[in-house]
Amino acid sequence: MSPEDTPAPRSLAEALRARDDASLAALLRSRPDLITPVPTDLTQLATRAGTRASVVRALERLDRFALQTAQALAVAADPASYQELLGLMAGDERDPAVAAALPHALAVLREQALVWGGDDRLRLVRTARELLAPSPQHPSPTGLGPTVQEATAGMSPGRIQEIVTTAGLTSTHDSVSAVAALTALFGDRKRMAALLAGAPEESRQVLARLVWGPPYGQVTADPAAHLRWLLDRGLLLPTAPGTVVLPREVALHLRQGRAHREPEPLPPAVEAAKVHRPQVVDATAAGQALTALATVEELLKDWHEGGPAVLRAGGLSVRDLKRTAVALDVPEPVAAFWVELAYAAGLLASDGEADERYAATPAYDEWLTLPAQERWVRLAEAWLTATRTAGLVGGRDAKERALSALGPGLDRSAAPEVRHRVLTLLAALPEGAAPDPESVLARLQWERPQRREDDLRTRLARWTLDEAELLGVTGRGALAAHGRALLGLPAPEHTPRAEEPSGPGDKLPVHHHRRPAPAAPLSPAEQAAASAAAARLLAPLLPEPLDHVLLQADLTAVAPGPLQRPLADTLGVLADVESKGGATVYRFTPASVRRALDAGRTAADLHAFLAAHSRTPVPQPLAYLIDDVARRHGHLRVGAASAYVRCDDDALLNEILADKRSAGLRLRRLAPTVLAAQSDPATLLEGLRAMGFAPAAESAEGDVLIARPDAHRTPPRTPPEPVPDGPPMPDAALLSAAIRAIRAGDLASTTPRKPTDDTPLAPGELPRTSAAETLATMQAAVLTGEAVWIGFVNAEGAASQRVIAPVRVEGGFVTAYDHTADEVRTFPLHRITGVAELADD
């Protein structure tokens with residue numbers, strides 16, 4: 001049978017049944033909710049594809065032109081021909097851009113099972129038509145109103161005949177033919193032009209105000225003459241007392257046949273605001289990547305011994321976020337971004353103690369041992385896939401509750417898709433081109449016009465551009481080479497490298513009207529390869545870690561670049577960071593030196609360390625500082641009594657007792673060399689240090705306790721799981737298995753069967769036979785090798801129908817090739833409801 005002889009499908013299920021496997025796979029890939037769970041047959045798939053929730057989700061994922069095409073079909077006749085649809089989209093003048101883009105848009109709607117039928121009988125699925133068709137409660141985005149037939153549904157036959165006569169038509173004997181004649185008049189361009197040529201100017205002005213919508217207007221009980229002229233000829237029709245509507249056919253005539261005022265067949269181009277040399281972009285991004293690593297390290301170093309407390313409702317308090325922002329020397333929104341990024345990467349979490357606090361996780365220590373490029377990749381991967389959205393911090397949720405950093409309510413399932421799409425649009429620009437942000441937003445709004453959610457996608461896109469720059473995925477606004485590799489995109493072809501524009505406001509238009517296909521999500525193996533490629537590209541751009549610093553006479557040390565890990569860790573304990581930037585400045589203070597001594601270092605260790613790692617001689621003031629603090633360090637010993645202080649120098653203890661600042665410690669002398677305190681050892685240590693002494697804590701055996709800076713870690717924690725935006729995208733293996741199951745189930749449900757006991761079997765009805773009949777039919781099928789149709793109830797009580805070819809019957813079981821599952825299976829006979837032979841045809 002030729003394709004021309006193939007009968008037109010009568011339902012969506014029949015249309016799906018005519019598809020090949022590749023077409024079904026495309027449908028399930030574009031609408032993954034249809035495969036969760038796998039439908040039993042194509043009829044169930046069609047039913048699920050027509051449910052309101054699924055159709056709404058599919059419409060939300062259409063681009064603007066495909067959505068405009070669906071909206072045009074919703075106001076067209078049902079069914080409509082392709083030529084009718086083309087007229088609605090391209091108008092009487094047949095806009096060539098619209099005509100060229102319409103076949104692709106229609107193919108998208110067909111692929112997603114929103115439209116079915118041939119070009120001569122296009123049908124929009126009923127649920128989509130209900131959602132998009134105009135009604136008084138839900139105006140159509142086209143601005144069109146009801147048809148003449150719909151608007152006159154409640155009108156008296158006499159009034160309809162009056163309108164027909166006044167419009168210059170011959171009166172009829174019934175309302176149906178009268179409405180048909182009026183509809184034909186309004187759809188005839190020549191006759192309508194002649195009718196409107198005699199309209200008063202005020203009447204034409206009224207039509208001009210209503211033509212592009214909304215089509216409804218208000219009139220008084222005694223309308224003016226120019227309104228009466230329109231009402232008498234049916235150019236305006238009453239819908240309720242005081243309300244009139246412009247019929248759809250009249251509006252389409254006035255619009256030259258177009259359903260939309262401005263069809264948008266082509267996506268808006270992403271414009272390049274500036275173009276830089278690619279080397280400058282990569283170097284800038286690499287520098288920012290290094291800053292990102294330093295910022296995360298500084299944040300978690302500050303929380304080594306237990307960070308801020310966790311709010312009762314979860315999250316970080318406003319005061320703690322402000323303190324973090326001051327410590328990192330960044331604005332609060334940026335501080336929230338770094339905190340959320342470290343959390344998404346699994347580097348910090350709550351410790352779960354009674355007095356719950358945030359702290360670094362064991363994964364942080366592992367992260368610190370990695371090369372710089374691999375540490376950056378870990379952060380960038382976490383950012384790309386995280387659904388937690390730092391930009392929401394400081395706002396309020398639907399219940400007007402404040403949204404805090406690390407708190408609940410920050411997940412937005414669209415965030416990963418928007419980040420990935422924004423970066424993909426940047427990748428479509430020439431190398432080194434930084435986009436105009438407004439053109440990026442316009443493009444995203446064209447691709448997802450239905451999503452309104454308080455304009456969330458627009459805000460996500462703005463945040464993506466800012467966060468990508470902070471993280472070093474982009475440099476000077478342009479996508480860096482390692483950022484492109486992280487997305488799994490190929491390196492760009494060699495293009496002429498443009499110099500930077502002469503003025504800061506110069507814009508270079510990049511007229512790319514082709515739509516780069518959104519990259520599919522990478523599999524774990526593909527993402528691992530992409531991450532490795534990004535690390536390889538970033539590594540040469542990062543400076544080699546240094547093994548030296550420059551000591552200065554003002555008790556500071558200058559690190560002219562990033563330091564090697566052991567050197568950075570030790571120097572971070574021995575000195576305090578005074579300033580950051582291209583070179584980090586460390587300052588040595590008595591407190592910082594004492595911190596190093598508390599960590600188990602001796603004065604000799606510190607002198608040797610500085611001599612080994614300084615390119616300049618150790619300044620005398622620094623050597624004196626170390627010796628002076630070391631001489632006093634541990635002279636006092638604090639232990640647990642509740643707490644005590646012991647010292648071989650009783651004069652020093654007398655000095656402490658005489659100091660008024662010691663009153664709060666409530667000290668009393670137990671012996672010439674021992675003072676007892678009613679406070680705990682930690683409070684006593686802090687109090688004595690505040691008084692200017694250098695006490696050391698000791699154990700029950702009298703040994704000095706070493707305080708390590710990284711003593712506090714949370715138990716092992718997993719990073720927060722992203723909140724998915726609907727069902728996950730099915731992979732090739734799942735699609736193949738699902739299509740086989742659907743096809744087999746459809747075969748079982750549609751295969752013709754012989755009637756049993758002269759009673760025809762309805763489609764979907766399970767056969768019912770006695771146990772003896774079932775056994776006899778199975779044994780006969782084994783001998784003849786024929787397939788049979790059975791009803792089967794599994795252990796969970798779920799009934800299904802299957803087509804099987806029995807191979808062996810014994811011991812209460814039948815072994816058969818199951819066409820439904822495409823494998824050999826064993827069925828208990830007592831779970832088979834009945835059996836029927838298949839029809840010969």
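Open room surrounds CZ on Arg121; 12 or fewer heavy atoms of other groups in view lie less than 6.0 Å from it. For CD of Glu201, the number of neighbouring non-hydrogen atoms (other residues, nucleotides, ligands) closer than 6.0 Å is greater than 12. Heavy atoms from other residues, nucleotides or ligands lying under 6.0 Å from CZ of Arg126 number 12 at most.
Residues Gln205 and His226 fail the side-chain proximity criterion, which asks for heavy atoms closer than 4.5 Å. Within the 4.5 Å cutoff, no side-chain heavy atoms of Leu114 are placed close to those of Leu73. Between Arg421 and Leu460, the closest side-chain pair of non-hydrogen atoms is not below 4.5 Å. Looking at heavy atoms from C-beta onward, Val108 lies in side-chain contact with Gln112 at the 4.5 angstrom threshold. Proximity of Met192 to Leu195: side-chain heavy atoms (C-beta onward) are separated by under 4.5 Å at one or more points. Looking at Leu86 and Leu102, their side chains come closer than 4.5 Å, going by heavy atoms from C-beta outward. At least one side-chain heavy atom of Arg255 sits under 4.5 Å from a side-chain heavy atom of Leu144. Using a 4.5 Å heavy-atom cutoff, the side chains of Pro449 and Glu264 are not in contact.
Counting only N and O atoms by type, the side chains of Gln445 and Thr458 include a donor and acceptor under 3.5 Å apart. Remark: the Ser54 side chain and the Arg48 side chain contain no N/O donor-acceptor pair separated by less than 3.5 Å. Checked by atom type, the side-chain pair Arg740/Ser736 shows a donor-acceptor distance below 3.5 Å.
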- Query: Under the side chain to side chain contact (heavy atoms under 4.5 Å, CB included) criterion, do Leu230 and Leu246 qualify, and how do the steps go?
  - Reply: CA-CA 10 Å; Leu230 296 172; Leu246 181 68; over 6 Å; no

- When you look at Thr147 and Thr183, which way does the side chain to side chain contact (heavy atoms under 4.5 Å, CB included) test go after all the steps? CA-CA 8 Å; Thr147 63; Thr183 302; over 6 Å; no

- Message: One pair to check against side chain to side chain contact (heavy atoms under 4.5 Å, CB included): Val164 and Leu185. What are the steps and the verdict?
- Response: CA-CA 10 Å; Val164 167; Leu185 169 64; over 6 Å; no

- Message: Using the rule given for side chain to side chain contact (heavy atoms under 4.5 Å, CB included), can you reason through Arg457 versus Arg412, listing the C-alpha separation, both sets of side-chain angles and the distance that settles it, and then say yes or no?
- Response: CA-CA 10 Å; Arg457 286 177 64 85; Arg412 295 296 182 271; over 6 Å; no

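Here salt bridge (charged side-chain N to carboxylate O under 4.0 Å, His left out) pairs that include residues 18-27, with residues two or more places apart or in two chains, are Asp21-Arg743.
With Arg258 contributing its side chain and Leu88 its backbone, the two residues share no donor-acceptor pair below 3.5 Å. Judged purely by atom type and a 3.5 angstrom limit, Ser171 has no side-chain atom pairing as donor or acceptor with the backbone of Leu169. Remark: side-chain polar atoms of Arg233 are not paired, donor with acceptor, to backbone N or O of Ala167 under 3.5 angstrom. For the pair Ser413 (side chain) and Val723 (backbone), a donor-acceptor distance under 3.5 Å is absent.
Rounding to the nearest 0.5 angstrom, the gap separating the OG atom in Ser30 from the CG atom in Leu62 is 9.5 Å. Atom CG of Leu12 is separated from atom CG of Leu45 by 7.5 Å, given to the nearest 0.5 angstrom. Summarising the geometry, atom CD belonging to Glu14 is positioned 8.0 Å from atom CH2 belonging to Trp116; distances are rounded to the nearest 0.5 Å. How far CE of Met89 is from CD of Gln71: 8.5 Å, rounded to the nearest 0.5 Å. The CG atom of Leu182 lies 7.0 Å from the CG atom of Leu237; values are rounded to the nearest 0.5 Å. Once rounded to the nearest 0.5 Å, the distance linking CG of Leu42 with CD1 of Ile739 reads 10.0 Å.
In terms of heavy atoms, Ala99 sits closest to Pro103 at O-CD, 3.3 Å. Listed here is the closest heavy atom pair of Ala105 and Phe65: CB-CD2, 3.6 Å. Residue Ser140 comes nearest to Pro134 through the heavy atom pair CB-CB, 3.5 Å, listed as atom of the first residue, atom of the second, then distance. Nearest heavy-atom pair across Gly234 and Pro247 is O-CG, 3.6 Å. Closest approach of Val115 to Leu122, counting heavy atoms only: CG1-CD2, 4.2 Å. Closest approach of Ile35 and Pro730 over heavy atoms only: CD1-CB, 4.4 Å.
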Please tabulate, one pair per line, all N/O donor-acceptor pairs under 3.5 Å involving side-chain atoms of residues 151-163, not counting sequence neighbours.
from   : atom 1 : to     : atom 2 : distance (Å)
Thr152 : OG1    : Val148 : O      : 2.7
Thr152 : OG1    : Gln149 : O      : 3.4
Ser156 : OG     : Arg159 : N      : 3.3
Arg159 : NH1    : Glu162 : OE1    : 3.1
Arg159 : NH2    : Leu231 : O      : 3.3
Gln161 : OE1    : Thr172 : N      : 3.1
Gln161 : NE2    : Thr172 : O      : 3.2
Gln161 : NE2    : Thr172 : OG1    : 3.1
Gln161 : NE2    : Asp174 : O      : 3.4

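Checked for salt-bridge contact, Asp232 and Arg228 meet the test: a charged N lies under 4.0 Å from a carboxylate O. Ion pairing between a basic and an acidic side chain is recognised when a charged N comes within 4.0 Å of a carboxylate O; Arg17 and Asp41 show no such pairing. Ion pairing between Glu111 and Arg31 fails under the 4.0 Å rule for side-chain N and carboxylate O.
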